[in-house]
Amino acid sequence: MEKKTVFSGIQASGSLHLGNYLGAIRNWAAMQYDYNNYFCVVDLHTITVLQDPATLRAKIREVAGLLFAAGIEAENSVVFIQSDVKAHSELAWLLNCITPMGWLHRMTQFKEKSEKQKEEVSVGLFDYPVLQAADILLYDTHMVPVGEDQKQHVELCRDIAQRFNYRYGGVFVLPEPHIPPVGGRVMGLANPEKKMSKSEEKEEDSIYLLDTPDQIRKKVKKATTDSLRDISFDENRPGINNLLTIYQLLTDKNRQKIEEYFSDKTYKILKEEVAEVVIESLRPLQERYHELTGEAGYLDGMLERGAEKAGARAEKKMGQVSESMGLK
Ligand code: ATP
Ligand code: LTN
């Protein structure tokens, strides 16, 4: 039986953090053997908010390097940079012409992100979900593994695909979001009421995948907790709950065992243990990252091959789409 297709994307808007890893990348690596996979550094999405060109250029390569370092293998997955495959912008335009503005006005990510920028907010940020739909639909994607915050965008993508299929015939596969049961929303350390995020200015909120052991210890030590004492999974205590969830995800122990283990321990010890588990989990990833970026041209070569493979597939789909709309 032919394997189904997985597509997911990640922005180069900052340094990758533990939320990106636990909510997305680690799962991409684990599921890659059972699917045809496309993983994309979405630089065109990244520029929907202002970026410094030199920083962006460096971050695009860093993110791509970290995908490989996290265990995504070029033999099993196509890894590429979005702007290297022109069909993404092209299909986004065609989809723009069938997407009602009202649908985009309902997107919560747009509402949140545009609130900070008011009048300065770009048309690109508003249109962000349509470009995301183009990413997904170009590859006849069945499944989109993402963190919880992206569920609404994948559902919108389905709606756009359905509308297109209704008007022009069954051109697109309808994709499903795939969200991990635990880890789909890792919270900030300093502010556990908000999700850990790349573009968050407060660095103490995020554990970055390339943080040193000392940085990790300091951030976890300063993590916001509460004035209670007992250590238990409780959604109403976001700080402790988040630390325990991170511990659970990285140790693979069950919740009851974890609560028993910490039942006679202090918050100080919990934090020390969480920090050590994070440090040890990231160590091999960091080593691989430094290895593969140390070899000149290695990463660029992999990305070039990725773009060729993705480009060939995307071009084929574009032909079908253009024809169905009467452009060819
Ligand atoms: P930004 O802050 O610029 O929006 P981000 O940190 O949200 O960036 P993205 O590149 O937008 O990161 O997301 C990449 C993937 O990581 C997506 O699948 C997203 O759902 C997931 N993700 C992002 N933040 C978290 C988080 N805190 N917990 C779990 N998954 C997350
Ligand atoms: N919007 C996504 C990134 C993204 C994406 C995609 C995810 C762009 N294109 C296609 C899945 C499929 C985010 O994580 N903020």
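When a residue number appears, it is its place in the shown sequence, counting from 1. Atoms within each ligand, like the ligands themselves, are counted from 1 in listed order.
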Fit a plane to each ring of W28 and F39, take the angle between them on a 0 to 90° scale, and name the class: parallel (under 30°), tilted (30 to 60°) or perpendicular (over 60°).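 If you compare the ring of W28 with that of F39, the planes turn out parallel.
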Quick one: sort the Y139 and F80 rings into parallel, tilted or perpendicular, breaks at 30° and 60°.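 Taking F80 first and then Y139, their aromatic rings sit tilted (interplane angle of 30° to 60°).
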Pair [X] + [Y], salt bridge at N-O below 4.0 Å:
{"X": "R283", "Y": "E280", "result": "yes"}
{"X": "E308", "Y": "R305", "result": "no"}
{"X": "E155", "Y": "K151", "result": "yes"}
{"X": "R217", "Y": "E276", "result": "yes"}
{"X": "K316", "Y": "D140", "result": "no"}
{"X": "K221", "Y": "E272", "result": "no"}

Which bit of [X] is near ligand 1, meaning a heavy atom under 4.0 Å away: side chain, backbone, both or neither?
{"X": "D149", "result": "side chain"}
{"X": "M187", "result": "neither"}
{"X": "A24", "result": "side chain"}
{"X": "K113", "result": "side chain"}

Identify the closest protein heavy atom to [atom]: which residue and atom is it, and at what distance?
{"atom": "atom 31 (C) of ligand 1", "answer": "G19 O, 3.5 Å"}
{"atom": "atom 1 (P) of ligand 1", "answer": "S199 OG, 3.4 Å"}
{"atom": "atom 9 (P) of ligand 1", "answer": "K198 NZ, 3.3 Å"}
{"atom": "atom 11 (O) of ligand 1", "answer": "Q11 NE2, 3.2 Å"}
{"atom": "atom 5 (P) of ligand 1", "answer": "K195 NZ, 3.6 Å"}
{"atom": "atom 27 (N) of ligand 1", "answer": "V186 O, 2.7 Å"}
{"atom": "atom 18 (O) of ligand 1", "answer": "G147 N, 3.2 Å"}
{"atom": "atom 3 (O) of ligand 1", "answer": "S13 OG, 2.6 Å"}

Give me the one residue out of Q11, Q132, Q82 that meets side chain to side chain donor-acceptor pair (under 3.5 Å) with H45.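 When Q11, Q132, Q82 are each tested with H45, the side chain to side chain donor-acceptor pair (under 3.5 Å) holds only for Q82.
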Counting each atom of ligand 1 from 1 as listed, which ones have a heavy atom of [X] under 4.0 Å away?
{"X": "G183", "answer": "29 (C)"}
{"X": "Q150", "answer": "20 (O)"}
{"X": "R185", "answer": "28 (N), 29 (C)"}

Option with minimal heavy-atom separation from atom 16 (O) of ligand 1, where the choices are V154, I10, I179, N20: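 Shortest heavy-atom distance from atom 16 (O) of ligand 1: N20.
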Non-hydrogen atoms of H17 versus ligand 1: any pair closer than 4.0 Å?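 Heavy atoms of H17 do come under 4.0 Å of ligand 1.
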Rounded to the nearest 0.5 Å, what separation is found between the NZ atom of K59 and the CG atom of D43?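 One finds 15.0 Å between NZ of K59 and CG of D43.
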State which residues pass salt bridge (Lys or Arg N to Asp or Glu O under 4.0 Å) with K113; sequence neighbours excluded, sorted by chain then number.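 K113: no salt bridge (Lys or Arg N to Asp or Glu O under 4.0 Å) contacts found.
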Taking distance alone, with no angle check, do P145 and ligand 1 share an N/O pair under 3.5 Å?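 So ligand 1 has no N or O lying under 3.5 Å from an N or O of P145.
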Geometric N/O contact W28 with ligand 1, under 3.5 angstrom: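 In fact, backbone or side chain, W28 has no N or O that close.
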For ligand 2, what are the residues with a heavy-atom contact below 4.0 Å?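 Residue list for ligand 2: F7, S8, G9, Q11, V42, H45, Y128, Q132, D135, I136, V144, V146, Q150.
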